[in-house]
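Every chain is numbered from 1, with letters handed out A, B, ... down the list of sequences. Worth knowing before you read on, the calculation uses all heavy atoms, side chains too, and leaves out hydrogens, waters and symmetry mates. Small disclaimer: the values here were computed from a predicted structure and weren't measured.
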Amino acid sequence: MRLSRAFLPTLKETPADAQIASHRLMLRAGMVRQTSAGIYAWLPLGWRVLQKVEQIVREEQDRAGAQEILMPTIQTADLWRTSGRYDAYGPEMLRLQDRHDREMLYGPTNEEMVTDIFKTYAKSYRDLPRNLYHIQWKFRDEVRPRFGVMRGREFLMKDAYSFDLDYAGAQKSYRQMFVAYLRTFARMGLKAIPMQADTGPIGGNLSHEFLILAETGESQVYLHRDLLEFDALSQPVDYDGDLSPVMDFWTSRYAATDEKHDAAAWAQVPAERQVSARGIEIGHIFYFGTKYSAAMGLQVAGADGKMVVPEMGSYGIGVSRLVGAIIEANHDEAGIRWPEAIAPFKVAVLNLKQGDAATDALCDRLYAAFDPDAVYDDRADRAGVKFADADLMGYPWQAIVGPRGAAVGKVELKRRATGERLELSLEDAIARIKA
RNA sequence: CGGGGCGUGGCGCAGUCUGGUAGCGCAUCUGCUUUGGGAGCAGAGGGUCGGAGGUUCGAAUCCUCUCGCCCCGACCA
């Protein structure tokens with residue numbers, strides 16, 4: 001993407017409405033534009049990041065055996081009356097009427113709908129287990145939206161729903177999602193810690209929240225340091241095998257939000273291993289048995305011919321929230337420091353002197369080597385503007401080319417995360433970035 | 001939902017108390033100079049002050065109603 005042709009606006013000054021770092025930086029970097037309280041338009045830079053996050057979520061869901069569908073944003077009130085939640089959900093649900101005065105709603109979640117869909121086709125125990133997910137915009141009419149995309153009213157969520165024949169099967173599905181979540185967040189460069197959680201209004205009796213540590217987190221959390229030091233990607237995962245050991249590792253070390261905090265258990269953790277900090281919730285998984293399958297009338301024939309009500313769970317990741325959370329965990333005074341896996345572009349080519357033949361030539365070759373995963377700052381601006389914008393936008397690599405280096409065929413590489421700088425030949429620079 | 005605050009060019013703000021018909025910085029446009037960390041000089045364009053009603057000779061400033069947004073708390077992916 002050539003910046004001279006791109007819609008990648010930046011702001012020098014911070015809009016007064018933005019309080020926390022991720023919100024400020026998303027506005028300054030031109031990632032989003034607020035259109036009303038808790039509702040955002042995603043501009044090219046933000047949209048690219050959102051899609052990268054979404055894609056990692058998708059790949060790990062698929063790997064874990066879940067299958068992607070896409071359900072609508074608008075649902076009928078009748079579907080929710082069947083489960084009893086139309087009245088129970090309260091004012092957080094955005095209710096609408098169509099031209100025939102039919103009562104509709106903008107979906108805040110999809111247990112009813114997915115169960116209703118699944119019920120139409122699943123007739124036998126052979127149709128189980130299944131796990132269906134979609135990545136779709138949700139709307140929850142929060143009393144108080146805030147923190148930019150971290151607590152919006154409209155937000156992009158991945159929600160998966162598992163259907164199993166019995167409790168043992170449901171536990172297996174739960175563990176699959178548990179492990180898939182660890183991998184998903186680790187791939188984004190995040191240390192996400194699963195913690196025992198309240199099941200909330202969705203109900204059920206087994207639930208974990210996944211949180212990352214960040215000063216601006218909304219929850220107080222307590223955890224064993226082992227959990228921060230373990231690399232969730234270090235071991236291969238066999239989703240058909242027994243995942244209990246993995247889950248046991250994570251659940252045997254202390255980790256809890258203040259709601260579930262147990263002072264006595266916490267005291268058992270060696271003091272030097274105790275970590276108490278603020279956390280941001282980025283995922284939540286529930287097992288809730290037959291709550292919705294029973295309410296929605298889902299039954300399948302068991303092997304013995306008797307009808308069985310399947311056991312369900314649901315598994316959510318706040319995809320748009322993750323963008324904000326990742327920034328909270330990866331920024332400094334100058335701007336964002338994207339982890340490579342979700343960076344909007346891997347490298348920014350900074351041409352410090354437009355029109356200098358040697359400089360232009362080196363930049364062209366660098367850009368060609370990485371397009372479309374590169375931005376080329378070919379604007380008629382001064383060097384300082386380009387440095388500042390590249391730091392703000394947070395591309396993992398800056399390939400800086402000016403007449404001084406170009407005269408001797410050198411490119412200066414700057415690594416955003418560390419500030420490390422290297423002076424390399426064109427070929428070495430390309431190889432270094434690709435490494 | 002309880003408490004607090006704010007709406008004035010794209011962004012950040014002053015002006016409101018003590019009514020007199022809108023100002024500053026950044027950004028934008030033009031020209032010249034400058035060119036490795038958000039340049040300098042000169043010139044230019046852009047708002048009728050969230051909205052409605054009222055008081056007044058006159059309202060961004062006073063009054064009433066209303067809409068929107070933000071912060072703290074309680075609740076949530």
The complete set of ring pair (Phe, Tyr, Trp, His ring centres under 6.0 Å) pairs with one or both residues in residues 374-399 of chain A, sequence neighbours excluded, reads A:Tyr367-A:Tyr376
Pair listing, ring pair (Phe, Tyr, Trp, His ring centres under 6.0 Å) test, anchored in residues 54-85 of chain A, at least two apart: A:Trp80-A:Tyr89
In residues 32-40 of chain A, which ones come under 4.0 Å of RNA chain B, going by heavy atoms? A:Gln34, A:Ser36, A:Ala37
Between protein and nucleotides 34-45 of chain B, map the contacts as a letter string: B base, S sugar-phosphate only, - none, heavy atoms under 4.0 Å, written 5' to 3'. BSBBBB------
Base-pairing assignment for B:rA74 (Watson-Crick or G-U wobble, both under 3.5 Å): none
With a 4.0 Å heavy-atom cut-off, tell me which residues in residues 180-196 of chain A come close to RNA chain B, sorted by residue number. none
What pairs with A:Arg144 under side chain to side chain contact (heavy atoms under 4.5 Å, CB included), at least two apart in sequence or on another chain? A:Arg146
Residue pairs involving residues 411-435 of chain A (criterion ring pair (Phe, Tyr, Trp, His ring centres under 6.0 Å); sequence neighbours excluded): none
Paired to B:rU18 by Watson-Crick or G-U wobble criteria (both distances under 3.5 Å) is none
At under 4.0 Å between heavy atoms, what does A:Gly148 touch on the DNA or RNA strands: base, sugar-phosphate, or nothing? nothing
Test ring-ring contact (aromatic ring centres under 6.0 Å, His included) on A:Phe345 and A:Phe370 and set out the steps. CA-CA 9 Å; A:Phe345 297 93; A:Phe370 293 101; over 10 Å; no
Check nucleotides 12-16 of chain B for protein N or O atoms closer than 3.5 Å to its own N or O atoms and list the pairs.
from	atom 1	to	atom 2	distance (Å)
B:rG12	OP1	A:Ala16	N	2.6

Taking the six-membered ring of A:Tyr86 as reference, does the NZ or CZ atom of A:Arg81 fall below 6.0 Å from its centre and within a 45° cone about the axis? yes
Rounded to whole Å, NE2 of A:His23 lies from P of B:rC70 at a distance of 8 Å
My understanding is that only residues two or more places apart in sequence, or in another chain, count here; which of them pass side chain to side chain contact (heavy atoms under 4.5 Å, CB included) with A:Thr290? A:Ser293, A:Ala294, A:Val309, A:Glu311
Whole-Å P distance, B:rG54 and B:rG45: 35 Å
Suppose the criterion is salt bridge (charged side-chain N to carboxylate O under 4.0 Å, His left out): which pairs have a residue in residues 9-22 of chain A, not counting sequence neighbours? none
For the pair made of CD1 in A:Ile282 and C1' in B:rA77, what is the distance, rounded to whole Å? 10 Å
For residues 322-349 of chain A, the salt bridge (charged side-chain N to carboxylate O under 4.0 Å, His left out) pairs (sequence neighbours left out) are A:Asp332-A:Arg337, A:Asp332-A:Arg416, A:Glu340-A:Lys346
Whole-Å distance between B:rA77 P and A:Glu154 CD? 18 Å
Can you sort out the partners of A:Phe147 under side chain to side chain contact (heavy atoms under 4.5 Å, CB included), two or more places apart, ordered by chain and number? A:Ile20, A:Met150, A:Glu218
Could you pick out which residue, A:Met157 or A:Ile20, lies toward the 5' side of RNA chain B when each is mapped onto its nearest nucleotide? A:Ile20
Identity of whatever pairs with B:rG47 - Watson-Crick or G-U, under 3.5 angstrom: none
Report the base-pairing partner of B:rC32 (Watson-Crick or G-U wobble, both distances below 3.5 angstrom), or none. B:rG40
With P as the reference atom in both, quote the distance from B:rC29 to B:rG68 in angstrom, rounded to an integer. 35 Å
